Amino acid sequence: MLGAAGRPLTALGSRLLHTSRGVLSSVELSKWSQVDATRLSASEPAQLKNLGKKKKPLRFQGEWVSTEKTMPIVDPMNGEVFIHVPDTQVSEIEPFVSSLRSVAKSGLHNPLKNPERYLLYGRVSRDAAAALARPEIAEHFARLIQRVAPKSYAQAMGEVNVTRIFLENFSGDQVRFLARSFANPGDHPGQQSAGYRWPYGPVGLIAPFNFPLEIPALQMMGALYMGNKPVVHADHKVAIVLDEFVRLLHACGMPAADVDVLHGRGPTMNEVLLRGAPRSTLFTGSKRVAEKLSVDLHGKVFLEDAGFDWKILGPDVQALDYVAWQCDQDAYACSGQKCSAQSILFMHENWAKAGLEDALRQRAARRSLEDLTIGPVLSWTTEAIQAHVRDLLRIPGARVAFGGEALTGHTIPERYAAIQPTAVFVPLEAALEPEHFDTVTREVFGPFQVLTEYSDATLPRVLEACERMDAHLTAAVVSNDLPFLQHVLANTVNGTTYAGIRGRTTGAPQNHWFGPANDPRGAGIGTPEAIRLVWSTHREIIHDVGPVPAPGVQS
Ligand SMILES: NC(=O)c1ccc[n+]([C@@H]2O[C@H](COP(=O)([O-])OP(=O)(O)OC[C@H]3O[C@@H](n4cnc5c(N)ncnc54)[C@H](O)[C@@H]3O)[C@@H](O)[C@H]2O)c1
C-alpha cells in the first residue's frame with residue numbers, strides 16, 4: 001500500500017480551510033487518502049479492501065476488510081500490475097448479504113423517520129464539495145482517473161468538476177427538498193392525502209469503468225440522500241477511484257456503516273444481489289448484463305445501458321469549424337468510451353458538399369497518445385474493432401473515411417485496443433437493409449463512428465433508422481432551422497437530446513437530466529428529478545382522522 005500524498009496546500013486550499021472554521025481540516029488529503037496517483041506502479045502497487053461488515057463480530061459495520069484472494073490490475077499504458085483489488089469469493093459474501101437483509105424497507109431515513117439525516121447529507125455534500133474545490137484534492141482525483149481509465153487531463157478534470165458541482169447543488173437544505181411531499185384536501189373534514197418520496201431501503205448500485213468517479217459518486221449520493229443503504233460495486237479496473245471517494249466522504253462525516261463497497265468480479269456482485277434481494281438496483285453498463293440483472297432481479301432495476309447515439313446535421317450549414325470540432329469531441333474524446341459517444345452521423349448533403357468529412361479527418365488527425373486525446377480502449381481489442389470495420393466494408397458502397405490503423409510506438413497491453421480515431425462511411429439505403437442494419441448500429445465502445453448522408457427527400461429514411469434503433473440514450477439535431485428541428489424532435493424519443501447548431505451528444509454536466517428513454521426501466525443521473533425517480537418510490541398517506549359522521553349519516 002502506498003503512503004498518503006501530503007502535498008503542500010495552495011493558496012485556494014488554505015483559504016477554504018480558514019473560512020470553514022477548521023471543519024475542513026479533516027479532509028486534508030493526507031488524512032484519508034491511501035494512494036498517490038503519481039506513484040502507482042509495479043514497485044509501489046495499491047491494495048484495496050472491501051467496505052462492509054466484518055464476519056466476526058457481525059455487529060461491526062463500516063469496516064475496511066481484506067479478502068483471501070486479490071486480482072491484479074494492470075496499468076493500461078504499460079501492462080504492469082499496479083493495483084491489487086479484492087477478488088471477493090462467493091464464500092465471503094455473507095456479510096454483504098446480511099447487511100442488505102438487515103436494512104428496513106423504510107430505509108435509514110424517510111420523511112417521518114430520522115429526518116435529521118437529510119440535513120446530515122446536506123453537510124456531507126457541502127464538505128465534500130469544498131474538499132473537491134481544493135486544487136490538490138481535485139488534482140488527486142483527476143490524476144487517479146487518468147491512471148486507470150486513460151483520458152485527457154481536461155476530460156478527467158471534467159469528471160471531478162461535475163462531481164463537485166453536483167455536491168454543491170445538494171448542500172444545505174437541498175437534500176431535504178429532494179424529499180418534498182405534497183398534500184391534497186380530502187372529501188370531508190379530517191381527511192387529507194399526502195404524497196411522499198419514500199426510500200427503497202436496501203439497494204444495489206453497479207458502475208462501469210468509463211467514468212470512475214462521476215457515475216458511482218452521483219448515483220451513490222442520490223441513493224443516500226433518499227434514505228437508502230446501498231451496496232456499491234464499481235468495475236474492478238477503476239474501483240480505486242470509488243474507494244478513495246468513499247474515504248473522502250467518511251472524512252466529511254458520512255457514517256461509515258451507510259455504504260458497503262464490494263470489490264471484485266461482476267458475477268460475485270450478481271450473487272450478492274440474488275441472495276441479498278435489494279428492493280431496487282441501479283445498473284450502469286452493458287446491455288448484456290443489464291438484461292441479465294433485469295431477469296435475475298425480477299425487474300426491480302433501473303438501467304443506464306448501451307448507447308448507440310445519433311447526430312443529425314440539418315440542411316442549414318453554418319459554423320462548420322465549430323460543428324466539426326464538436327463532432328470530433330463527441331466521437332473520439334475519452335477514446336470514444338462514453339455511452340453518449342456519437343455512434344452515427346447523418347450528414348445532410350449540404351454538409352457533405354461543404355467538406356465536413358475532410359474537416360473531421362483533420363480534427364481526428366490531431367489526436368495523440370501523448371496527451372491521451374486518444375488512448376487505450378478497455379473493453380475491445382484492436383483486432384475486434386478492425387474486424388467490425390471489415391464487416392461494415394462488406395456493405396455495398398461502404399468505405400473507410402479515415403483511421404482504421406492500429407496505433408504504434410506504445411506499450412499498451414494487447415488485451416486493450418489501441419487504434420486511430422476511425423470513421424466508416426455507409427450509404428444510407430444500404431445501412432437500412434435488414435441484413436446490414438444490426439451491424440451498422442452495433443455499439444463500438446471505442447474511437448469509432450459510422451458516417452452517412454441524406455437529402456431532403458430521404459429524411460424519412462433517417463427517421464426510420466432512428467425508430468429502428470433500440471438504445472435511446474443521447475442524440476443531437478444540429479440545426480437552427482426551426483421547422484426541421486420541430487419535425488425531427490417530434491418523431492424521435494432519445495432521453496437526452498441536444499437541439500440547435502451547438503447540439504452535441506456528450507459532455508452532459510450535472511445540471512440536466514442524463515439517461516435513456518422509451519424503456520420503463522430507464523434511469524437518470526444528476527438532477528433532482530433523476531434522483532427522485534431512481535432512488536425513491538411514491539407513497540401516499542391518506543389521513544382520515546374524523547370527526548366521524550353522526551349516526552345514520554355514513555356517506
Ligand atoms: N447509459 C449510461 O449512462 C452508461 C454510462 C456508462 C457506460 N455505459 C455502457 O456501459 C458499457 C461499457 O461498460 P462495461 O464494459 O464496463 O460494461 P459491463 O456491463 O461489462 O460492466 C459494468 C459493470 O457491471 C459489472 N458486472 C458485470 N457482470 C455483472 C453481473 N453479472 N452482475 C452484476 N454486475 C456485473 C462489472 O463488474 C462492472 O462494474 C457500454 O455499453 C456503455 O454504453 C452506459
Side-chain angles (χ1 to χ4, degrees), residues 71 73 85-88 90 93 96 148-149 151 159 162 204-216 218-220 231-242 261-276 278 281-297 301-309 334-343 377-381 384 415-417 441-446 448 469-475 494-496 505-508 513-519 521-526 530 534:
M71 54 176 143
I73 305 298
V85 172
D87 187 3
T88 313
V90 171
I93 65 175
F96 291 95
V148 291
K151 50 178 91 171
E159 260 195 74
V162 165
L205 194 174
I206 299 166
F209 72 83
N210 60 336
F211 283 91
L213 178 64
E214 186 181 330
I215 293 177
L218 270 57
Q219 291 292 14
M220 181 171 71
V231 55
V232 185
H233 166 83
D235 188 284
H236 55 275
K237 297 186 280 300
V238 303
I240 193 168
V241 181
L242 167 68
V261 177
L262 178 92
H263 291 305
R265 297 168 199 266
T268 313
M269 180 65 175
N270 204 151
E271 200 56 33
V272 168
L273 299 177
L274 282 172
R275 296 189 195 178
T281 294
L282 176 279
F283 172 79
T284 307
S286 64
K287 190 164 190 59
R288 182 187 65 81
V289 178
E291 293 300 337
K292 179 177 192 308
L293 289 177
S294 194
V295 172
D296 284 1
L297 304 177
V301 290
F302 281 102
L303 305 178
E304 297 224 278
D305 57 358
F308 189 82
D309 309 295
C334 293
S335 303
Q337 296 168 98
K338 296 185 182 187
C339 50
S340 54
Q342 178 177 303
S343 309
V377 177
L378 305 197
S379 60
W380 282 68
T381 60
R415 68 173 82 175
Y416 298 144
T441 57
R442 181 174 178 201
E443 182 196 35
V444 175
F445 212 51
F448 178 81
M469 290 172 198
D470 192 37
H472 300 293
L473 187 56
T474 68
N494 291 44
T496 303
T505 63
T506 61
W513 171 285
F514 179 85
N518 201 245
D519 184 330
R521 302 164 302 174
I525 188 169
V534 175

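Only a predicted model underlies this, so the values are computations on that prediction, with no experimental measurement involved. Just so you know, residue 1 is the first one in the sequence shown, and it goes up from there. Remember, it's 1-based here, ligands and their atoms both numbered in the order they're listed.
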State whether the shortest distance between N or O atoms of [X] and N or O atoms of ligand 1 falls below 3.5 angstrom.
X: Arg265; result: no
X: Asp305; result: yes
X: Glu443; result: yes
X: Lys292; result: no
X: Arg288; result: no

Among protein heavy atoms, which sits nearest to [atom], and what does the distance come to when rounded to 0.1 Å?
atom: atom 18 (P) of ligand 1; value: Ser286 OG, 3.6 Å
atom: atom 13 (O) of ligand 1; value: Pro208 CB, 3.7 Å
atom: atom 36 (C) of ligand 1; value: His233 NE2, 3.8 Å
atom: atom 21 (O) of ligand 1; value: Asp235 OD2, 4.4 Å
atom: atom 3 (O) of ligand 1; value: Glu304 CB, 3.3 Å
atom: atom 5 (C) of ligand 1; value: Cys339 SG, 2.9 Å
atom: atom 26 (N) of ligand 1; value: Gly266 CA, 3.5 Å
atom: atom 16 (O) of ligand 1; value: Phe209 CD2, 3.2 Å

Any donor-acceptor N/O pair, [X] side chain to [Y] backbone, under 3.5 Å:
X: Gln337; Y: Asn210; result: no
X: Thr506; Y: Ala341; result: no
X: Thr88; Y: His263; result: yes
X: Glu271; Y: Gly266; result: no
X: Ser343; Y: Phe308; result: no

Dump the intermediate steps for side chain to side chain contact (heavy atoms under 4.5 Å, CB included) on Arg275 and Val90, then the final yes or no. CA-CA 11 Å; Arg275 296 189 195 178; Val90 171; 3.2 Å; yes
Within less than 4.0 angstrom of ligand 1, does Phe211 place any heavy atom?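 In this structure, Phe211 fails to qualify as a contact of ligand 1 - no heavy atom is under 4.0 Å.
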Which atom names give the shortest non-hydrogen contact between Ala149 and Val238, and what distance separates them?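 Taking Ala149 first and Val238 second, the nearest heavy atoms are CB-CG1, 4.3 Å.
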Under 4.0 Å from ligand 1, counting heavy atoms only, is it the side chain of [X], its backbone, both or neither?
X: Phe445; value: side chain
X: Leu378; value: neither
X: Leu473; value: side chain

Answer yes or no: are there more than 12 heavy-atom neighbours, outside Arg521 itself, under 6.0 Å from its atom CZ?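 Buried by this count: over 12 neighbours within 6.0 Å.
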Give the atoms of ligand 1, by number and element, whose distance to some non-hydrogen atom of [X] is under 4.0 Å.
X: Ala234; answer: 39 (O)
X: Ala207; answer: 23 (C), 38 (C), 39 (O)
X: Ile206; answer: 23 (C), 24 (O), 25 (C), 33 (C), 34 (N), 39 (O)
X: Phe514; answer: 3 (O)
X: Ile215; answer: 5 (C), 6 (C)
X: Thr284; answer: 2 (C), 3 (O), 4 (C), 5 (C), 6 (C), 22 (C), 44 (C)
X: Val289; answer: 19 (O), 27 (C), 28 (N), 29 (C), 30 (C), 35 (C)
X: Asn270; answer: 30 (C), 31 (N), 32 (N), 33 (C)

Answer whether the closest heavy-atom distance between the side chains of [X] and [Y] falls below 4.5 Å.
X: Phe211; Y: Lys338; answer: yes
X: Glu443; Y: Lys287; answer: no
X: Val301; Y: Phe283; answer: no

Given Met269 and Val231, is the side chain to side chain contact (heavy atoms under 4.5 Å, CB included) satisfied, shown in steps? CA-CA 9 Å; Met269 180 65 175; Val231 55; 3.9 Å; yes
Going by the rule side-chain hydrogen bond (donor to acceptor under 3.5 Å, both in side chains), which residues pair with Asp235 if we only count those two or more places apart in sequence or in a different chain?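 Checked Asp235 against side-chain hydrogen bond (donor to acceptor under 3.5 Å, both in side chains); matches are Lys237.
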Rounded distance (nearest 0.5 Å) linking atom CG of Leu293 with atom CG of Leu303: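 Reported value, rounded in 0.5 Å steps: 8.0 Å.
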Run the side chain to side chain contact (heavy atoms under 4.5 Å, CB included) test against Thr284 and tell me which residues pass, sequence neighbours left out.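 For Thr284, the residues satisfying side chain to side chain contact (heavy atoms under 4.5 Å, CB included) (neighbours in sequence not counted) are Pro208, Ile215, Leu282, Glu304.
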